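Worksheet: the structure to be examined is printed underneath.
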Amino acid sequence: MMITSVPFGTTDWARVPATEHPGTTGTATWRTRRFGDVRVRVVDYSPGYLADHWCDKGHILLVLEGTLTTELAGGGTVTLEARSSYQVGDDTEAHRSSTVTGARLFIVD
């Protein structure tokens with residue numbers, strides 16, 4: 001990831017418009033900013049959320065609140081609590097997120 005030509009700035013995430021994205025179950029609510037080719041999001045997963053797709057996109061993801069379970073297409077699962085993160089490159093390992101209790105995430109991709 002290359003971050004170029006982005007001046008210093010701040011974001012009040014409460015003022016960023018929310019968009020709703022239904023999962024197989026539950027809902028993901030995204031607040032998204034773009035800085036050149038870099039997308040930065042705060043994402044809230046509702047309790048019982050299960051993503052409706054396998055994701056091949058690379059991310060750096062930090063769990064801000066709650067518990068996130070990530071299933072890997074190659075087998076296995078990873079469960080992250082608040083203040084834990086993962087990173088994965090584009091097209092390296094498909095993954096799918098879920099949460100029983102809900103989660104708030106900070107994602108850069």
Side-chain angles (χ1 to χ4, degrees):
M1 172 183 346
M2 196 75 160
I3 301 174
T4 60
S5 303
V6 177
F8 180 86
T10 64
T11 300
D12 178 350
W13 290 100
R15 294 180 178 268
V16 175
T19 58
E20 301 270 324
H21 303 265
T24 298
T25 58
T27 302
T29 302
W30 298 10
R31 296 179 186 277
T32 306
R33 298 276 321 265
R34 287 199 175 270
F35 305 98
D37 291 335
V38 179
R39 178 175 66 171
V40 181
R41 297 176 283 161
V42 170
V43 176
D44 288 296
Y45 288 155
S46 67
Y49 176 79
L50 171 64
D52 66 346
H53 65 283
W54 288 93
C55 181
D56 287 315
K57 181 121 180 84
H59 314 284
I60 297 170
L61 178 148
L62 171 66
V63 179
L64 299 172
E65 299 173 12
T67 303
L68 175 72
T69 299
T70 301
E71 183 181 1
L72 304 175
T77 59
V78 175
T79 300
L80 299 175
E81 302 286 337
R83 297 179 306 278
S84 297
S85 65
Y86 75 69
Q87 55 285 327
V88 63
D90 289 332
D91 301 315
T92 59
E93 185 148 21
H95 48 282
R96 178 171 62 176
S97 296
S98 65
T99 179
V100 172
T101 59
R104 174 169 283 172
L105 314 171
F106 184 81
I107 306 171
V108 179
D109 50 31

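As the structure is a prediction and not an experimental result, all values here were calculated from the model.
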Check: Which residues satisfy the salt bridge (charged side-chain N to carboxylate O under 4.0 Å, His left out) test with Asp109, sequence neighbours excluded?
Finding: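 For Asp109, the residues satisfying salt bridge (charged side-chain N to carboxylate O under 4.0 Å, His left out) (neighbours in sequence not counted) are Arg39, Arg41.
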Next item on the list: Only counting residues at least two apart or in another chain, list the ones meeting side-chain contact (heavy atoms from CB on, under 4.5 Å) with Leu64.
Entry: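 Expected list: Leu62, Arg104, Phe106.
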Acceptor/donor pairs from residues 8-22 side chains to any protein atom, 3.5 angstrom cut, sequence neighbours excluded:
| from | atom 1 | to | atom 2 | distance (Å) |
| --- | --- | --- | --- | --- |
| Thr11 | OG1 | Arg33 | NH1 | 2.8 |
| Asp12 | OD1 | Ala14 | N | 3.2 |
| Asp12 | OD2 | Arg15 | NE | 3.3 |
| Thr19 | OG1 | His21 | NE2 | 2.9 |
| Glu20 | OE2 | Thr29 | OG1 | 3.2 |

For [X] and [Y], which heavy atoms make the closest approach, and how far apart are they?
X: Ser46; Y: Gly26; answer: OG-CA, 3.3 Å
X: Pro47; Y: Thr101; answer: CG-O, 3.5 Å
X: Thr92; Y: Val88; answer: OG1-CG2, 3.1 Å

Next item on the list: Would you please name every residue forming a side chain to side chain donor-acceptor pair (under 3.5 Å) with Glu81, sequence neighbours left out?
Entry: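 Side chain to side chain donor-acceptor pair (under 3.5 Å) check on Glu81 returns Thr67.
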Would a hydrophobic clustering, with Ile, Leu, Val, Met, Phe, Trp and Tyr connected at side-chain separations under 4.5 Å, put [X] with [Y]?
X: Val63; Y: Val40; value: no
X: Val43; Y: Leu50; value: no
X: Val78; Y: Trp54; value: no
X: Tyr49; Y: Leu80; value: yes
X: Val100; Y: Leu68; value: no

Margin query: Show every salt bridge (charged side-chain N to carboxylate O under 4.0 Å, His left out) that has at least one partner inside residues 70-80, sequence neighbours left out.
Written below: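 Sorted result for residues 70-80: Glu71-Arg96.
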Checklist line | Criterion side-chain contact (heavy atoms from CB on, under 4.5 Å) against Val38, the qualifying member of Val6, Val108, Thr4 | finding: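 The single option meeting the side-chain contact (heavy atoms from CB on, under 4.5 Å) with Val38 is Val108.
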Check: After noting the C-alpha distance and the side-chain angles of Thr69 and Ser97, does the key distance pass the side-chain contact (heavy atoms from CB on, under 4.5 Å) rule?
Finding: CA-CA 6 Å; Thr69 299; Ser97 296; over 6 Å; no
Roughly how far, to the nearest 0.5 Å, is the [atom2] atom of [Y] from the [atom1] atom of [X]?
X: Tyr86; Y: Leu105; atom1: OH; atom2: CG; result: 8.0 Å
X: Glu65; Y: Asp44; atom1: CD; atom2: CG; result: 7.5 Å
X: Asp52; Y: Thr24; atom1: CG; atom2: OG1; result: 5.0 Å
X: Glu93; Y: Leu72; atom1: CD; atom2: CG; result: 4.5 Å

Margin query: Heavy-atom count check: over 12 atoms from other residues, nucleotides or ligands less than 6.0 Å from Asp90 CG?
Written below: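 Yes, CG of Asp90 has more than 12 neighbouring heavy atoms, counting only those of other groups under 6.0 Å.
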